[in-house]
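Heads up: the structure comes next, in structure tokens.
The figures that follow rest on heavy atoms only: side chains count, while hydrogens, waters and symmetry mates do not. Numbering of ligands and ligand atoms starts at 1, following listing order. Because the structure is a prediction, the values reported are computed rather than measured.
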Amino acid sequence: MQDNPWQRALAQLQSTIELTDAHPDLHARLKEPDTIVEVDVPVEMDNGTTKIFRGYRVQHNNMRGPYKGGLRFHPQVDLDEAKALAFWMTMKNALVGVPFGGGKGGIEVDPKELSAGELERLTRNFARELAHVIGPEKDVPAPDVGSTAQMMHWIADEYSKHIGEHSPSVVTGKPVEHGGSEGRTEATGYGGGYVLEAMLTKLGKEDAKTVAIQGFGNVGSYLAEYLEAHGFRIVGLSDSKGGIHMPEGIDIKAAEKYKKEKGSLIGFGSTTMSSEDVLELPVDILVPAALENAITEKNAPDIKASIVLELANGPTTLEADKILHEKGTIVIPDILANAGGVAVSYFEWEQNRNGEEWSKEDVLMRLKEKMENAATRVFVESEAKKISLRDAAYIVALKSLGGTAVE
Ligand code: NAD
């Protein structure tokens, strides 16, 4: 059960409901998604054949506004994963205070195996299949694992053709030249950095400086850049092919350049190890920034970091969470730590609707304020009730959805 993200999401919901006076109707509304859309997406491949790809869009809840959440392009995408990710979006958006509900979707595909043309046709066809259920006031997708700003532009373009009017605010995370926001690409990684710094100060742990990061994609790389520039030392880093350990500190720009040229981090620096070994390095702060279920009951006992910053969605299983809690490891939960992406997605949506273009400086200033406010609310709740930051984050989110915490 622990590996099924949807079962885990339901267990988290159940335990939070028990800590609050939430009306049973709220529990009933949150424990099932509002709508599930499953589509077959045909794509003409370069060799002339037609291949069918399975796609999903889960609209979990829209009590606070249009459904909002990413589209994942990955071979392991499935419905239960999409349901869990959509639920976490509902909670995250409520926690960080953006006027959105929760949604998520994706396609079972390895985008690296498609040519540029095939990927464009797949994305455009998927957008056409979803055109009747998405919309700026209905459901607003965004990038996630395996999807890019360019793909968001294709979706906006296809949707605009479908409804017969220019409608960039149907998706966020677009390239800046196509209505995207400055700072969106950096938002999740930088947002994680803002939350981490705020929490370390509140916890009196400003001396925590060494970091290991699992996942060196959009989120992991911008977090690494931010932390390196703010006095932290990144000593471990991994991607899906393997990891590296450099106790003297990794030069992040050089690592990015190397990965771009060679396709992986393997061979960069002194010690190469498996992706999983990076999780167990002797560091102050561990950042899972790849996929779900990275920290399990198997490796949790061997995790040496005293702080875990969850930038991936759902990286810690329930059993692992218990083990970390018993060891005294502080876990800064995903729905808080990685909310920077959706916060700037909200800024992008606002700019599109009002015909505005905010500077990067302005966007990052607003992002920092939002993330620090959310971190403060979570910390205060956790101190007041002597509960974990995760339980506190869920209570703050549930309160925004209409639940009242038990005093
Ligand atoms: P991405 O596709 O840009 O990068 C994913 C990275 O994880 C890649 O470097 C890949 O090689 C690596 N990876 C995959 N399996 C791995 C493994 N077993 N060990 C080590 N590395 C592995 O995706 P992303 O946008 O950076 O998203 C990463 C996580 O952050 C996901 O859980 C996503 O849901 C979450 N997230 C993303 C955003 C966003 O704005 N992009 C927002 C909130 C949360």
Parallel, tilted or perpendicular: rings of H153 and H178 (30°, 60°): parallel
Parallel, tilted or perpendicular: rings of F347 and W358 (30°, 60°):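 Judged by the thresholds at 30° and 60°, the geometry between W358 and F347 is tilted.
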Test item, K241 contacting ligand 1 (heavy atom, 4.0 angstrom): no
R377 side-chain N/O to L95 backbone N/O, donor-acceptor pair under 3.5 Å: yes
Can an N or O of [X] be found at a distance shorter than 3.5 Å from an N or O of ligand 1?
X: F216; answer: yes
X: E292; answer: no
X: S240; answer: yes
X: K104; answer: no

Heavy atoms from other residues, nucleotides or ligands near CD of E357 exceed 12 (cutoff 6.0 Å): no
Exercise: do Y194 and E369 side chains pair donor with acceptor under 3.5 Å: no
Residue selection (non-hydrogen contact nearest atom 17 (C) of ligand 1) among Q214, E186, Q76: Q214
Heavy-atom nearest option to atom 7 (O) of ligand 1, drawn from A142, A290, A343: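 When every heavy atom of A142, A290, A343 is considered, A290 comes closest to atom 7 (O) of ligand 1.
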G146 neighbourhood, listing ligand 1 atoms whose heavy-atom distance to it stays under 4.0 Å: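 By the 4.0 Å cutoff, the relevant atoms are 2 (O).
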A187, portion touching ligand 1 at heavy-atom distance under 4.0 Å: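 Neither part.
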